[in-house]
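Working notes, beginning with the structure itself.
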Amino acid sequence: MLDPQFVRNQLDDVAKKLATRGLTLDTASLTDLENQRKLCQVKTQELQSERNRLSKEIGQLKAKGLDTAPTMAQVANLGEQLQASEAQLEQIQTQLNHILLTLPNLPHDSVPVGRSEEDNLEIRRWGEPKVLDFTVKDHVDLGAQLQMLDFEVAAKITGARFAVMRGGLARLHRALIQFMLDLHSQEHGYTEVYVPYMVNADSLQGTGQLPKFAADLFHIPEQNFYLIPTAEVPVTNLARDEILEQLPVKYVCHTPCFRSEAGAYGKDTRGMIRQHQFEKVELVQFVKPQDSYAALEELTGHAEKVLQYLELPYRVVALCTGDIGFSSAKTYDLEVWLPGQQKYREISSCSNFEAFQARRMKARWRNPETKKPELLHTLNGSGLAVGRTLVAIMENYQQDSGKIAIPSVLQKYMNGMSMIG
RNA sequence: GGAGAGGUGUCCGAGUGGUUUAAGGAGCACGCCUGGAAAGUGUGUGUACGCCAAAAACGUACCGAGGGUUCGAAUCCCUCUCUCUCCGCCA
């Protein structure tokens with residue numbers, strides 16, 4: 001959520017910045033609503049103050065054994081007015097609040113201005129796509145040939161956009177999770193956490209998925225729980241309604257992720273790129289506001305390190321104003337080279353949310369200089385999306401025979417095996 | 001799932017309708033005392049929002065959450081939630 005005071009006082013600036021995201025803010029009606037709010041709030045508080053004063057008087061009169069009837073009559077008059085005024089104020093505030101909750105974050109000044117992913121800015125590349133001297137297969141054909149990756153049986157058990165893995169491939173998938181968790185916790189200073197895979201609506205509002213993006217989530221109505229679309233939700237909400245004394249705090253967490261992919265019909269229907277259920281290792285940081293942009297570079301580097309150890313070619317892209325996510329002020333995507341598609345595809349997204357999520361969550365830290373609780377900054381990034389990493393390994397490490405070589409850093413997690421198939 | 005007990009500020013803890021403006025204690029901050037410290041002692045000590053150019057002052061709200069009763073609710077009623085104890089079930 002944007003700072004309501006900032007929106008109020010710098011409305012034109014806010015509108016201008018939101019416009020770069022392709023969003024038109026109706027400043028006139030917002031100003032109008034804000035003026036109504038101000039009038040109504042002042043009036044309500046005056047009436048409340050008057051009621052409190054008279055009620056106290058009644059108490060004092062009673063204590064002295066005096067007649068309270070005239071004062072009671074006076075306050076009775078107030079009652080109706082006050083009730084109406086309170087109701088009106090609540091209605092206005094609900095409207096204002098809903099608008100604020102559905103406004104996206106303001107992009108940082110360093111974010112390239114643009115309309116769509118076409119305008120994203122490539123920052124750097126690492127590694128060279130390998131030239132293979134045989135006909136390259138994609139992961140679907142490779143998996144089918146190995147009899148280790150099966151979409152048909154998953155469709156039977158559940159439906160479209162699910163996968164079943166067997167044998168060496170299932171194990172490689174698990175090895176990737178182990179490797180990533182070990183790397184980030186042992187070399188990058190993250191604390192490993194285990195969290196619930198179902199969350200309540202407050203948590204989703206805290207990180208920004210609700211109220212606007214309910215359609216993207218799997219919902220369990222009986223308990224009003226939601227399956228998490230990313231570990232970002234439970235892990236970031238660890239700081240909700242808390243005052244942290246020590247910053248930074250860095251967490252790494254492996255979870256499955258569940259996404260309805262509403263609106264993605266017909267997109268990436270082949271293979272494991274876009275599934276309803278996938279595994280991800282997520283990095284989350286809580287930092288002091290002044291440190292958050294340095295932390296974004298650092299966190300992105302941590303995610304890159306995974307690809308470097310796995311020797312997978314990739315590039316880093318700065319998302320433009322039109323392509324960054326709702327809650328983000330700045331995002332870098334890591335895109336890995338997929339020989340089967342002859343394309344770089346997103347495998348990680350690293351974002352600085354500044355105080356946007358913290359304000360929604362009331363996540364604060366105690367600033368030793370002011371000794372006051374202040375909003376902290378939150379960041380997260382995939383480190384990495386496990387399913388897509390598996391796809392990248394299959395396609396980049398494939399042999400002419402259809403077997404898959406195992407990257408050397410993963411072999412110790414695979415009982416020393418060097419090849420699948 | 002059944003029965004019961006609870007949730008009060010940074011922490012402990014009192015408070016069953018009206019000077020509660022949330023007692024008291026601990027902690028913390030700043031004084032005093034001291035050669036210095038401890039002890040002792042005094043003062044202060046939450047959050048959010050509004051008003052304001054801003055600050056101060058002032059006002060409003062906040063005792064797990066949401067409703068209700070009342071002129072007035074931490075206190076009474078209802079619903080929900082979380083924690084603990086016992087029983088049942090269970091990986």
Side-chain angles (χ1 to χ4, degrees), chain A residues 1-13 30-31 33-101 194-206 210-211 220-226 234 237-247 355-376:
Chain A
M1 189 161 80
L2 302 176
D3 181 356
Q5 279 189 15
F6 184 77
V7 173
R8 212 178 292 154
N9 297 332
Q10 318 283 333
L11 190 56
D12 290 338
D13 278 2
L30 198 57
T31 306
L33 201 56
E34 178 54 35
N35 288 337
Q36 283 183 51
R37 194 269 316 156
K38 192 177 289 190
L39 280 171
C40 189
Q41 180 164 352
V42 170
K43 184 179 160 204
T44 304
Q45 293 191 349
E46 273 169 5
L47 288 168
Q48 283 172 332
S49 174
E50 183 67 1
R51 179 210 52 199
N52 291 347
R53 191 181 65 77
L54 289 172
S55 290
K56 193 178 283 182
E57 215 172 282
I58 292 171
Q60 284 164 354
L61 289 173
K62 278 204 167 169
K64 290 178 195 156
L66 298 171
D67 181 21
T68 59
T71 319
M72 298 269 273
Q74 221 179 322
V75 88
N77 268 336
L78 276 179
E80 238 173 81
Q81 273 189 73
L82 180 58
Q83 225 173 8
S85 189
E86 277 175 340
Q88 196 195 352
L89 180 62
E90 197 192 318
Q91 193 251 330
I92 293 169
Q93 267 171 341
T94 303
Q95 272 184 60
L96 271 173
N97 201 31
H98 184 260
I99 293 170
L100 282 169
L101 282 174
Y194 172 84
V195 294
Y197 301 159
M198 293 183 234
V199 294
N200 56 36
D202 284 344
S203 292
L204 286 156
Q205 179 168 302
L210 288 181
I220 298 158
E222 284 79 7
Q223 289 84 6
N224 202 19
F225 291 160
Y226 296 80
N237 274 280
L238 288 170
R240 173 150 57 91
D241 295 318
E242 301 287 342
I243 300 168
L244 305 183
E245 299 293 339
Q246 282 279 326
L247 290 180
F356 188 86
Q357 295 181 324
R359 189 170 292 109
R360 291 171 162 246
M361 291 193 301
K362 295 189 180 64
R364 294 169 297 174
W365 68 298
R366 199 173 294 278
N367 185 343
E369 283 171 31
T370 60
K371 290 177 185 158
K372 296 270 180 198
E374 296 173 13
L375 295 175
L376 49 76

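Reminder, nothing fancy here: chain letters follow the sequence lines and each chain counts from 1.
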- line: Walking RNA chain B from its 5' end, the first of A/R53 and A/R364 to be reached, judged by nearest nucleotide, is A/R364
- prompt: At under 4.0 Å, does any side-chain N or O of A/N52 touch on OP1 or OP2 of B/rU60?
  reply: yes
task: Provide, to the nearest angstrom, the distance between the CD atom belonging to A/E242 and the P atom belonging to B/rC11.
output: 10 Å
statement: Rounded to whole Å, the CD-P distance (A/Q48 to B/rC51) equals 15 Å
message: Heavy atoms only, 4.0 Å cut-off, all strands: where does A/R37 land among base, sugar-phosphate and nothing?
response: sugar-phosphate
task: With C1' as the reference atom in both, quote the distance from B/rA37 to B/rC32 in angstrom, rounded to an integer.
output: 15 Å
- request: May I have the distance from A/Q5 (atom CD) to B/rA48 (atom C1'), rounded to whole angstrom?
  value: 11 Å
query: For B/rG40, which nucleotide in any strand shown is its Watson-Crick or wobble partner with both distances under 3.5 Å?
result: B/rC32
task: Indicate, with a heavy-atom threshold strictly under 4.0 Å, whether A/I58 touches base, sugar-phosphate, or nothing.
output: base
field: Phosphate OP1/OP2 of B/rA53: any A/R8 side-chain N/O under 4.0 Å
entry: no
- request: Output the single nucleotide from B/rC71, B/rU47, B/rG59 whose closest atom is nearest the side chain of A/S49.
  value: B/rG59
- prompt: With a 3.5 Å cut-off and just heavy-atom distances, do the side chain of A/Q45 and the base of B/rG59 make a donor-acceptor pair?
  reply: yes
- prompt: Phosphate oxygens OP1/OP2 of B/rC51: is one of them under 4.0 Å from a side-chain N or O of A/K38?
  reply: yes
- line: Answer for the Watson-Crick or wobble partner of B/rU75, both distances under 3.5 Å, is none
